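Keep in mind that this is a model prediction, so the values were computed, not measured. Throughout, protein chains are lettered first and strands after them, A, B, ... in sequence-line order, and every chain is numbered starting at 1.
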Amino acid sequence: MSTKDQSITSKTTNKADRHQEKLFLADVKAIIIEAGLGKTRSAILKKQLIVYGGQYHRSIQSDTTHIIASKNIKLARLCTILKIDTIPSNLIVVDADWLSQSLTKGQLIDVGQFNLVKRVQPKTTSVQLDKALTKDDNAATLEHGKKEQIKRHSDASPCTDNSDHNEVPPASQKRPLEEKKISSPVWLKIKRGRFSKTNTKKRAIDNSNIIHQPLDSDSDYVESDDDNNANTSEIEMVLSQLPAKYTAKPSSSWACARPSSLPVKNRNKHITDILEILQKKYENLGDQWRVKGYTKAISSIKNYPREITTREEAEAIPNIGKRLADKIWEIISCGHLRKLDYMDNDVQTALNVFTKIWGAGPATAHNWIAQGLYTLDDIRAKAKLNYHQSIGLKYYDDFNERIPRAEVVEIEAVIREEATAIEPGLEVITCGSYRREKPTCGDVDILISHPNGRSHQGAYHKLLRRLQAKDFLTEILVNQDVDIDHQKLLGVCKLPEEGRKYRRLDIIVVPYREWACSLLYFTGSGHFNRSMRLLARKKRMHLSEHAISVGVLRKVTACSVLKYGNQKLTRGTPVPTKCEADIFALLGLDYLEPKDRDC
DNA sequence: TGGCGGTACTG
DNA sequence: CAGTAC
DNA sequence: GCCA
């Protein structure tokens, strides 16, 4: 993980080397058994085998190395086709997926789990499940039952790719980049958003009209009796005034309406892996909308309980339309996407590296490449960087490293200590992926407020000064000081001990009336937030990091204007919320624990 | 065919 | 305003 | 990219 940039730091390679590397099937001399694979797929596999340096044999020859077959084929059938009694011991009988996935990766992958026969007895016996799965069982099995296939897929990951995080470098990553001029940056041609960004005139956040908690006169505490439904009566009151169609419970097609599935294993990793590469490509192109489409589709596939086997099946899955269904079908039938072959992997690799510099996005990355820069060393030496990017580059490795939960706890402790030294009652809570209970985090998101509704004021600046004074907060990237109630820091911190990494740290201070919405927002996930926002909108509400409002009319049509309290509105009326559960309730959703919002 | 979040920073 | 990030 |  830490050495991802080294791979492209030197750049001297010629065409011959490159072609050489592409012939990764040179040692594969194989027979492809059409039965069970289908004409199309076996034809494509054959072609690809040859393209990448392998040899295709029509029958067993002295130097044949592999027999490539469907994992469903029976041993007896195989022997019949090959006109033999037993499989010669020098031949490896391998699931066609092995070849497919190798093609996808651009390199040979371990044959282990794809091995269909391990020193086989010529007899076709249907073996017991547990026996078949035993590692060193020789009587292994061409009699794959469905159960076995499932097992096979569920533990497929370790071999194909043992990094769950987005480490998957493009197959060519280790290859140095070549100089190459880009004619006209493709991404420039992407048409920009058609709408003229509804002119948001510098409008300070005004929640002034938020209907506050009773916040009784001057007594400090609106005691939050720690349970989760202190506010329910009020929420129910609001709900009771809404039309029934807005209070109905949303179907589980909403990502925010179902717990993110821990139990569901991705049975279509072979598909999502490829789609994720494509998605990356569009990300690098700056095509945010297509990326969003892919995001939803990939997420749907990952939650799909079975292996997808037909085009129709794919298209029936939500968020998968005709075009993705076609791609999926190509992946299923040939094991890989031709579209990927046309991608310029050098450029893609450089883009992936560059956009991981904090502060650099697709546009900047393309500019650099257009200037002939391809490696981080190039950037260090020649690129013009703004302040953000220079910090991003300086801490490139650290920032791209995940943070273990234990360290997040340490960082949080430092901040809490300083915060409570300033103002004892301050609430300090770490949100983001930490709160969603992920094992590692990309950054540390800390939300701060004060239950009395006002003592958060001023704490922010004192806190920053303290953290800087002890050299904990080392860089300030963005210091967003909106008004007396809202501050946000995007910065960099490092724990004091020697050898600690520099970590991205976000600190957000909000007034307590916004606690619930902020907590919800900064806990995410992003996808979950989007889903919830969309749902809110559908229900004529509006959800933001500041508040949730009811009675929002987007286009001012003359239809019934909802009322709450005594205010008429077009922008909606913010509903006071005390905890996240209130927001779920308003939207008619069952409450989800943070860990279940990881979609 | 248009919408897919809204906002605030940097340069 | 474009680009980036949350 | 998908969907209404």
Across all chains, not counting sequence neighbours, the side chain to side chain donor-acceptor pair (under 3.5 Å) partners of Glu407(A) are Arg503(A)
Across all chains, not counting sequence neighbours, the side chain to side chain donor-acceptor pair (under 3.5 Å) partners of Asp398(A) are none
Check each of Arg290(A), Glu283(A), Gln279(A) against Thr295(A) using the side chain to side chain donor-acceptor pair (under 3.5 Å) test, and report the only one that passes.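 Filter result, single survivor: Gln279(A).
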Nearest whole Å is fine: how far is [N] [atom2] from [X] [atom1]?
{"X": "Leu534(A)", "N": "dG2(B)", "atom1": "CG", "atom2": "P", "result": "19 Å"}
{"X": "Gln288(A)", "N": "dT4(C)", "atom1": "CD", "atom2": "C1'", "result": "11 Å"}
{"X": "Ile331(A)", "N": "dG1(D)", "atom1": "CD1", "atom2": "P", "result": "12 Å"}
{"X": "Leu447(A)", "N": "dC6(C)", "atom1": "CG", "atom2": "C1'", "result": "13 Å"}
{"X": "Gln487(A)", "N": "dA8(B)", "atom1": "CD", "atom2": "P", "result": "13 Å"}
{"X": "Asn284(A)", "N": "dT4(C)", "atom1": "CG", "atom2": "P", "result": "11 Å"}
{"X": "His542(A)", "N": "dG6(B)", "atom1": "NE2", "atom2": "C1'", "result": "7 Å"}
{"X": "Asn386(A)", "N": "dA2(C)", "atom1": "CG", "atom2": "P", "result": "17 Å"}

For the residue pair Asp485(A) / Gln457(A), report whether a side-chain donor-acceptor contact shorter than 3.5 Å exists.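 Gln457(A) vs Asp485(A): donor-acceptor pair found between side chains.
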Q) Expressed in whole Å, how much space separates the C1' atoms belonging to dT7(B) and dG1(D)? A) 25 Å
- Task: Write down the distance separating the C1' atoms in dG5(B) and dA5(C), rounded off to the nearest Å.
- Result: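 To the nearest whole Å, 14 Å.
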Of all the choices, [options], which nucleotide is nearest to the side chain of [X] once you look at every atom?
{"X": "Glu545(A)", "options": "dG6(B), dG11(B), dA8(B)", "result": "dG6(B)"}
{"X": "Leu490(A)", "options": "dG5(B), dC9(B), dC6(C)", "result": "dC6(C)"}
{"X": "Asn319(A)", "options": "dA8(B), dC3(D), dC6(C)", "result": "dC3(D)"}
{"X": "Arg537(A)", "options": "dC6(C), dG6(B), dG1(D)", "result": "dG6(B)"}
{"X": "Ala363(A)", "options": "dC6(C), dG1(D), dT4(C)", "result": "dT4(C)"}
{"X": "Arg323(A)", "options": "dC9(B), dC4(B), dC2(D)", "result": "dC2(D)"}
{"X": "Arg290(A)", "options": "dG6(B), dG11(B), dG1(D)", "result": "dG1(D)"}

Under 4.0 angstrom between [X] side-chain N/O and [N] OP1 or OP2:
{"X": "Thr364(A)", "N": "dT4(C)", "value": "yes"}
{"X": "Arg504(A)", "N": "dA5(C)", "value": "no"}
{"X": "Tyr387(A)", "N": "dG11(B)", "value": "no"}
{"X": "Lys327(A)", "N": "dG1(D)", "value": "yes"}
{"X": "Trp358(A)", "N": "dT10(B)", "value": "no"}

For [X], report the nucleic acid contact type (base, sugar-phosphate, nothing); a contact means any heavy atom under 4.0 Å.
{"X": "Ile320(A)", "answer": "sugar-phosphate"}
{"X": "Asn529(A)", "answer": "nothing"}
{"X": "Lys322(A)", "answer": "sugar-phosphate"}

### Task
Between Lys292(A) and Asp481(A), name the one whose nearest nucleotide on DNA chain B is closer to the 5' end.
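Residue closer to the 5' terminus by nearest nucleotide: Lys292(A).
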Of His388(A) and Gly293(A), whose nearest nucleotide on DNA chain B comes first from the 5' end?
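Closest to the 5' end, via its nearest nucleotide, is Gly293(A).
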(message) List the residues meeting salt bridge (charged side-chain N to carboxylate O under 4.0 Å, His left out) with Glu313(A), not counting sequence neighbours, and say none if there are none.
(response)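 Residues passing salt bridge (charged side-chain N to carboxylate O under 4.0 Å, His left out) with Glu313(A): Arg306(A).
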Contacts of Arg323(A) meeting salt bridge (charged side-chain N to carboxylate O under 4.0 Å, His left out) (sequence neighbours excluded), chain-then-number -> none
Exercise. Tell me whether the guanidinium CZ or amine NZ of Arg267(A) lies under 6.0 angstrom from the six-membered ring centre of Tyr304(A) and within 45° of its axis.
Key: no
So ring pair (Phe, Tyr, Trp, His ring centres under 6.0 Å) across residues 311-334 of chain A, not counting sequence neighbours, yields none
Q) Is any side-chain N or O of Arg533(A) under 3.5 Å from a base N or O of dG5(B), one able to act as donor and the other as acceptor? A) yes
Practice task
Strictly below 4.0 Å, heavy-atom distances to any atom of DNA chain D: list the hits from residues 515-527 of chain A, or just say none.
Solution key: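 Contacts with DNA chain D under 4.0 Å: none.
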Quick one: do Ile301(A) and Ile308(A) satisfy side-chain contact (heavy atoms from CB on, under 4.5 Å)? Show the steps, please. CA-CA 9 Å; Ile301(A) 297 174; Ile308(A) 303 168; 4.1 Å; yes
